[in-house]
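The model shown is predicted, which means the values in this text are computed figures rather than measured ones.
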Amino acid sequence: MLDDPELYIKYLSIVTLMEEDKIEKIKQGFWPKVKKVAGKVPFLADAIALYYAMLDPSTPLKAKLTIAGALAYFLTPFDAMPDILFGAGYIDDAGVVAAVLAAASMYVKEEHKKKAADFLDSNPEGTLEN
């Protein structure tokens, strides 16, 4: 496939569209999850900063997909430790968010962190609106 540039470009286009669809699904489910867990998970500001980094046009696709994977894990209620386990259900999510935050730190800019902090400051628990 690498020998045929046209075929390779078509392949990349298809893969990119599939990956963009995954990012769209994250975008649809993110804010309802944020509203549900506000005040319950200490890493919410980090997850929101990652979300803003994922949306940033300057973030490379590979980093966006890594971030999308972490956010997809966060959105999934049944993972390594189901989120319904009171007090312990988000420990694995916190680990995934922390690992991706460290791996993608060069793409999580101060503006993303500020937007996350501003969002949480302006939306008290129970009244979150995106």
When rounded to the nearest 0.5 angstrom, what distance separates CG in L50 from CG in L71? 5.5 Å
Tell me every residue that passes side-chain contact (heavy atoms from CB on, under 4.5 Å) with V41, counting only those two or more places apart in sequence or in another chain. V37, F43, L44, Y90
Side-chain donor/acceptor pairs under 3.5 Å, residues 100-110, sequence neighbours excluded:
residue	atom	partner	partner atom	Å
S105	OG	A102	O	3.3
K109	NZ	D56	OD2	3.3
K109	NZ	S58	OG	2.6

To the nearest 0.5 angstrom, please state how far the CG atom of D121 sits from the NZ atom of K114. 8.5 Å
Results of side-chain contact (heavy atoms from CB on, under 4.5 Å) for K64 - residues two or more places apart only: I23, M54, T59
Restricting to ring-ring contact (aromatic ring centres under 6.0 Å, His included), what partner residues turn up for Y52, sequence neighbours left out? none
I'd like to check the side-chain hydrogen bond (donor to acceptor under 3.5 Å, both in side chains) partners of K27; sequence neighbours left out, ordered by chain and number. E24
Any salt bridge (Lys or Arg N to Asp or Glu O under 4.0 Å) pairs touching residues 41-54, not counting sequence neighbours? none
Candidate pair Y51 and V34, rule side-chain contact (heavy atoms from CB on, under 4.5 Å), full reasoning: CA-CA 11 Å; Y51 177 81; V34 166; over 6 Å; no
Could you tell me the separation between the CD1 atom of I26 and the NZ atom of K33, rounded to the nearest 0.5 Å? 11.5 Å
Testing the basics here: between F74 and A47, what is the closest heavy-atom pair and its distance to 0.1 Å? CE2-CB, 4.4 Å
From Y73 OH over to D92 CG, what is the distance, rounded to the nearest 0.5 angstrom? 3.5 Å
Between A116 and A49, what is the shortest heavy-atom contact and its length? CB-N, 3.7 Å
Closest non-hydrogen contact found for I48 with W31 is CG2-CH2, 4.1 Å
